[in-house]
Amino acid sequence: MQRRQDHDGEYELLEEIGRGSFGSVRKVVHLPTKTLMVRKEIKYGHMNQKERQQLIAECRILSQLNHENIVKFHSWDFDEQGQVLYLYMEYCSKGDLQKLIAHYKEEHKYMPEQTIWAILAQLLMALYRCHYGEDPTQLVTIYDRMRPPSNHPRNVVIHRDLKPGNVFLTSSGNSTSVGTVKLGDFGLAKALGNSTQFATTYVGTPYYMSPEVLMDQPYSPLSDVWSLGCIVYEMCTLRPPFQAKNYVELQNKIKMGKVDSELPDYYSAGLASIVKSMIRTDLTERASIFELLQDIQVRTSRKALQLEKFERNLLDYEQELRNIEKILEKQALELDQQTTNRKGIPPSTQTYRWHTHYK
Ligand SMILES: Nc1ncnc2c1ncn2[C@@H]1O[C@H](COP(=O)(O)OP(=O)(O)OP(=O)(O)O)[C@@H](O)[C@H]1O
């Protein structure tokens, strides 16, 4: 059977895994490195020259964003005839947070609090890099004070479209660990935000949009904090914080900032309080990503994640050592066989010799 490839023959095209506002998303294999990736398509036929240039500029910024908790953006490519832009990015094999929330809802179970803190801590680290252009300082102990971020951060990136569907999971985790979580679709909302195509195709309900953005004020890093608060709220209650029968009602609820219900008693006061500090209509009262990273539970989660990573690295190292040991054993056996063959010792005694040697 003929394998389907992209026009340069650099990628093998596999099955479609979904469709978003901008077009289809499919799995591909990057043939030179044999790496599984996803390809997102964006039809740009409706964009004017300026919008196209903005999209390219944004792609350049995204390709420079390297962070463990951000979906890696590999490259982009045009099909000029079909007027489609293809974005190639890291494949996250365990679905997204929207699906994980739906799973808990179906099972009528609460998401474990530890899982929620672990997801929050990783999203905060991804957003810290984007909002401040650097990484938060490593924690030696959970009581370490974090160095404040630079007052003049370079390359600030605001996500602008934070929602559970843009939070990806890379391992199925287990009862105590959720694995590595990655934030996707960074900056795409900005690049597409002004385009006619985005305005006409973006049909999602703005459950996670901040009141200031709904009121046509500019996006700021704090708009991402609001949306993050809505995501954490949804992990706890398994539904978005503001729901309404129609768009106008939803807008009014968000502008008032009054969530539909408190968090279930199942969750700690600390979790309820951090959610409250994010879903605040008054921008001067809303916590920044830096402030959220100071929370003692967030620090504890960060430390636990660091230790988990350390343990994973140790296990990998141990496996590598075992592999090397096997290779060395095999080489020693071969060498031994060559030596005995050269000396002309009969096969029966050879077997005896290996056994006594490598018992
Ligand atoms: N990097 C990725 N790895 C694995 N699956 C992905 C990746 N990016 C997107 N997907 C999956 O592809 C599908 C479509 O994703 P996409 O982000 O385009 O749309 P969406 O988030 O559903 O909607 P919207 O375009 O409105 O944001 C979703 O099921 C999503 O989980």
Side-chain angles (χ1 to χ4, degrees), residues 11-30 33 35-44 46-47 55 58-59 62-63 65-77 84-106 119 122-123 126 157-173 178-209 213 219 223-224 227-228 230-231 234-235 240 247 250:
Y11 294 91
E12 183 186 337
L13 307 183
L14 305 179
E15 75 273 17
E16 185 177 280
I17 50 173
R19 279 188 170 265
S21 310
F22 315 120
S24 89
V25 180
R26 65 167 66 242
K27 271 202 244 177
V28 296
V29 180
H30 181 238
T33 56
T35 316
L36 198 55
M37 292 185 193
V38 295
R39 185 184 84 169
K40 249 179 194 205
E41 64 172 37
I42 294 175
K43 298 196 177 74
Y44 65 86
H46 298 88
M47 291 184 191
L55 185 57
E58 204 62 33
C59 287
L62 295 184
S63 61
L65 257 182
N66 281 317
H67 190 276
E68 197 189 354
N69 302 112
I70 297 176
V71 174
K72 177 76 193 117
F73 186 94
H74 284 276
S75 60
W76 67 92
D77 182 20
V84 188
L85 168 68
Y86 294 116
L87 308 178
Y88 294 92
M89 45 191 97
E90 179 182 0
Y91 173 61
C92 303
S93 59
K94 297 296 173 199
D96 58 49
L97 185 57
Q98 191 180 355
K99 290 174 194 141
L100 188 69
I101 292 173
H103 164 79
Y104 279 100
K105 203 169 177 169
E106 252 172 52
I119 294 176
Q122 296 185 65
L123 295 180
V157 181
I158 305 174
H159 191 290
R160 291 162 190 252
D161 192 22
L162 279 180
K163 55 183 183 181
N166 282 337
V167 176
F168 294 96
L169 310 170
T170 57
S171 69
S172 24
V178 69
T180 306
V181 169
K182 294 184 187 246
L183 204 44
D185 279 358
F186 250 102
L188 281 186
K190 179 179 172 204
L192 296 165
N194 300 325
S195 84
T196 335
Q197 191 222 355
F198 185 75
T200 51
T201 55
Y202 188 84
V203 288
T205 314
Y207 289 122
Y208 312 93
M209 207 176 257
V213 172
Y219 272 95
S223 319
D224 278 349
S227 311
L228 181 63
C230 294
I231 295 177
E234 188 165 338
M235 286 195 274
Y247 185 78
L250 179 68

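Order of appearance sets the numbers: ligands from 1, and atoms from 1 within every ligand. Each residue takes its place number in the sequence, starting with 1.
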Distance from L228 atom CG to I119 atom CD1, nearest 0.5 Å? 11.0 Å
Output the list of atoms in ligand 1 that are nearer than 4.0 Å to some heavy atom of V38, sorted by atom number. 1 (N), 2 (C), 3 (N)
I want to know if ligand 1 touches Y91 in the polar sense, i.e. an N/O pair below 3.5 angstrom. no
Is K27 close enough to touch ligand 1? Criterion: a residue heavy atom under 4.0 Å from a ligand atom. no
Taken in chain and number order and not counting sequence neighbours, the residues that satisfy side-chain contact (heavy atoms from CB on, under 4.5 Å) with D96 are Q98, K99, F168
Min side-chain heavy-atom separation N66-K72 under 4.5 Å: yes
Polar-atom distance check: M89 versus ligand 1, any N or O pair below 3.5 Å? no
Which of the numbered atoms in ligand 1 are under 4.0 angstrom from any heavy atom belonging to D185? 17 (O)
In terms of atom number and element, which parts of ligand 1 are under 4.0 angstrom from non-hydrogen atoms of I17? 5 (N), 6 (C)
What closest approach, in Å, do C92 and L169 show between heavy atoms, and which atom pair accounts for it? CB-O, 3.7 Å
What I'd like to find out is whether the side chain of Y88 reaches to under 4.5 Å of the side chain of D77, using heavy atoms alone. yes
For ligand 1, note which part of E90 has a heavy atom under 4.0 Å away: side chain, backbone, both or neither. backbone
Report, in ascending order of atom number, the atoms of ligand 1 lying under 4.0 Å from any heavy atom of D96. 30 (C), 31 (O)
I need the atoms of ligand 1 closer than 4.0 Å to a non-hydrogen atom of K163, numbered in the order shown. 23 (O), 24 (P), 26 (O), 27 (O)
Can you sort out which atoms of ligand 1 are near K99, meaning under 4.0 Å from one of its heavy atoms? 29 (O), 31 (O)
Check: R19 N/O within less than 3.5 Å of ligand 1 N/O: no
If we ignore angles and hydrogens, is there a donor and acceptor under 3.5 Å between the side chains of E234 and Y207? no
Residue list, ring pair (Phe, Tyr, Trp, His ring centres under 6.0 Å) with H30, at least two apart or on another chain: Y11
Euclidean distance, I70 CD1 relative to D185 CG, rounded to 0.5 Å: 12.5 Å
